[in-house]
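Below: one structure, written as structure tokens.
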Number of protein chains: 2
Amino acid sequence: MATIYEVSSLAGVSLATVSRVINNNTRVSDKTRKKVEEAMSELGYRPNSIAQSLASNRTNSVGILVSELHGPFFGQMMAGIESELRAAGKHVIITTGHSEEDREKEGIDFLISRNCDALIVHLEGLTDEYIINLSKGSTPIYFMSKIIPELEENCIYLDNELGGYLAAKALIDKGHTQIAYISGPKFKPDSKDRLIGHKRALSEHNLAFNDELYFEGDFKETGGKAGLKQFLTKKLAFTALVCANDEMASGAMTYAREHGFALPQDLSIIGFDNIIFSRHIYPKLTTIDNPVYDMGHMAAKLVLKNVYQQKNLTINHSFEPALINRDSIAQL
Amino acid sequence: MATIYEVSSLAGVSLATVSRVINNNTRVSDKTRKKVEEAMSELGYRPNSIAQSLASNRTNSVGILVSELHGPFFGQMMAGIESELRAAGKHVIITTGHSEEDREKEGIDFLISRNCDALIVHLEGLTDEYIINLSKGSTPIYFMSKIIPELEENCIYLDNELGGYLAAKALIDKGHTQIAYISGPKFKPDSKDRLIGHKRALSEHNLAFNDELYFEGDFKETGGKAGLKQFLTKKLAFTALVCANDEMASGAMTYAREHGFALPQDLSIIGFDNIIFSRHIYPKLTTIDNPVYDMGHMAAKLVLKNVYQQKNLTINHSFEPALINRDSIAQL
DNA sequence: ATCACATATTGTAAGGTTAACATGGCGACA
DNA sequence: TGTCGCCATGTTAACCTTACAATATGTGAT
């Protein structure tokens, strides 16, 4: 493989001049530029990207940390990030944190030790305190689907409150007044905000929130099952169920059907996230779209703008959820 | 950040000796080693991994090409590969090929230009000829879920014929004799092999394969719908339907239900792949497990063994599918 | 015409690590 | 005591960018 040195000697200029032609960031006279370009093509020269990284302190790689590589939510997220960065010639190094504090720390350390130019992370286990500290390091870090007030400029987040509101409103609009609610883990801000929106919708329509019809789930299938089980065991009256994500909605549906409910006639269920399989389950799940693919795109743009100096990009930090009407809510 | 040069001068040895201690691949006297180690810890020295890559021509990164980042099949595959490589301190650079010839070429070029030490790819668009040529390059390439006779040692593949056989047999064992079949695209070897297995099961049980009950699908939801639609339009008699993957099974189920079929009483359906949502759809889908997570693990091991010289690993090139019994097949 | 100065263009060298090759020292054996 | 051979260690080239240095070219004043 030809090196920059051979090019420079063939063109009769110094290394630096060749480098300047390659990166074209400083003025080079047209005559010199032409000589260098001819030498490059004659030798079939291609820069060694590792040497470029070493000399420039830039690896053109962005580290991604997600909780899991499988699962529809993260798939969409990665796809959004990757397509945007790939188009800019950057590559993504992906690793996982499994929603656990220690493994998230470890994953971030791993990515930093790999000299990523920036990190885009989806954290669920680490404390805000740790995160704020981390962001003082030399590797810029951006946060997906999360808002940390001190680092708002580095966050891309969903208006979860609005999502919670829309879900409740969808049920209310179809005549439901007795609405059960299975939330995500309380310590997660997403869970909290969705619930706040839910309560706002209720109170706007003069409906009371019933603590008996609240269950704290785990954002997994099991949470949906456990929540519905509790409500049924207590023999509470309700016609609709809000689940704070689609996995729990799916779990609740399975449980409901196993206990003789016809869906959606006997029980209306709404989910949250609009993950791909929500349209495959039966009845097709009405849910709240979480535009995670677009958010991935935007996170990538944020990196391109702040880290790779692509100036004319407009950044949207906050995204809006939207109601996706399908078949899992009955008109009362 | 301390450099190897500072370490060497503090320890009173040459750069090379420090490097030897770091990589401990050549004999260094105990006395010298101790001096160097003390100097390293005193300075808090950490090697610059870019410089290591540059000097050693090794990036410790493995390029992965999948068709899509989202989607359950590829999620499992990536998860398998990543977890194994990460444990070995290697990182994965992931990109997509979208099952199209040009984009697969482009993706591979991209990964090679990034100096990956090896590639693990899942190709659907490229011809075997092109692939064989590619494998003559200096970057070793390994193939997931594919078998190329000339490169068998670089392939990790599923026994699709057996899978097709098991699916048909599952239906036959429950008394079905009129079985429709929706295959994947004919040009894909996976599709062909699954169909061959299917036919073997039929003939072993003295059942004829009915060309009228065959439809070439696209491995997507739409293929399942279109296939079932054709069979119904032709008013053919059949009690069971084999779909060559789960997505098509899901599409067929939706279509069947929309046309008044009770499942599985009126129609038994079996899928292939056992993707995650197959247990969420209703009725829970009976399918053939495609151990793609394990295959990802194995591909990673293959790379560790061949490229990173981890010798004591046993490699399995061929994987066996297995029947997963759920609720979508009725006993006749 | 000459000089000083500004500006445009090009050159030099450092920076981090590995690996091939080179050197030096020491013991063994004749 | 000479020499062969081996073990431990040293030297150097390899990659490209960028801050700084140096040189060339042009401009305006005297």
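Numbered from 1 within each chain, the chains take letters A, B, ... in sequence-line order.
The distance from atom CG of A/Asp30 to atom P of C/dT9 is 9 Å, rounded to the nearest whole Å. Protein atom CG of A/Asn24 is 14 Å distant from nucleotide atom P of C/dT10, rounded to whole Å. Atom-to-atom, CG of B/Leu15 to P of C/dA14 comes out at 14 Å; the value is rounded to the nearest Å. Atom pair B/Tyr5:OH and C/dT18:P shows a separation of 17 Å (rounding to whole Å applied). One atom, CZ of B/Arg20, and another, C1' of D/dT12, lie 13 Å apart when rounded to the nearest Å. Rounding to whole angstrom units, CD1 of residue B/Ile22 and C1' of C/dT18 are separated by 10 Å. Rounded to an integer number of Å, the gap from CG of B/Asn60 to C1' of C/dT18 is 13 Å. Atom CZ in B/Arg58 sits about 12 Å away from atom C1' in C/dA19, given to the nearest Å.
The side chain of B/Gln52 has C/dT18 as its nearest neighbour among C/dT18, D/dT9, D/dC16. You'll find that the side chain of B/Ala16 is closest to D/dT11, out of C/dT17, D/dT11, C/dT9. Nearest to the side-chain atoms of A/Asn25 among the listed nucleotides C/dT17, C/dG11, D/dT18 stands D/dT18. In this structure, of D/dA14, D/dT17, D/dT9, it is D/dT17 that holds the atom nearest to the side chain of A/Ile4. Minimum atom distance to the side chain of B/Tyr45 is reached by C/dT17, of the listed C/dT10, D/dC16, C/dT17. Among the nucleotides C/dG16, C/dA19, D/dT17, the one closest to the side chain of B/Ala51 is C/dG16.
For the OP1/OP2 pair of C/dT9 and a distance below 4.0 Å, the side-chain nitrogens and oxygens of A/Arg27 include at least one atom meeting the criterion. The side chain of A/Ser53 contributes no N or O atom lying less than 4.0 Å from OP1 or OP2 of D/dC16. Between A/Thr26 and C/dT9 there is no side-chain N or O to OP1 or OP2 distance below 4.0 Å. Neither OP1 nor OP2 of C/dT18 sits under 4.0 Å from any side-chain N or O of B/Ser56.
Within the 4.0 angstrom heavy-atom criterion, base atoms lie near A/Ser19. Here B/Val13 lies in heavy-atom contact (under 4.0 Å) with sugar-phosphate atoms only. Backbone-only contact: B/Thr32 has heavy atoms under 4.0 Å from sugar-phosphate atoms and none from a base. Within the nucleic acid shown, B/Asn57 has no heavy atom closer than 4.0 Å to any nucleic acid atom. Within 4.0 Å of A/Val18, counting heavy atoms only, lies no atom of the nucleic acid at all. Among the heavy atoms of the strands, none lies under 4.0 Å from A/Ile50.
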I'd like to know whether B/Arg20 forms a side-chain contact (heavy atoms from CB on, under 4.5 Å) with B/Thr17, so could you lay out the CA-CA distance, the side-chain angles of the two residues, the decisive distance to 0.1 Å, and finally the verdict.
CA-CA 5 Å; B/Arg20 280 188 270 258; B/Thr17 302; 4.0 Å; yes
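Comparing A/Asn23 and B/Ser14 along DNA chain D, the residue whose closest nucleotide (by nearest heavy atom) sits nearer the 5' end is B/Ser14.
Counted by atom type alone, B/Ser49 and A/Asn115 present one or more donor-acceptor pairs between their side chains at under 3.5 Å.
A cation-pi arrangement, defined by a distance under 6.0 Å to the six-membered ring centre and an angle within 45 degrees of its axis, is absent between A/Lys188 and A/Phe219.
The main-chain N or O of A/Arg58 is never found under 3.5 Å from a side-chain atom of A/Asp117 such that the two would form a donor-acceptor pair.
The aromatic rings of B/His317 and B/Tyr157 lie parallel to each other, with less than 30° between the two planes, well short of the 60° mark.
With rounding to the nearest 0.5 angstrom, the CG atom of A/Leu158 is 11.0 Å from the CD1 atom of A/Ile147.
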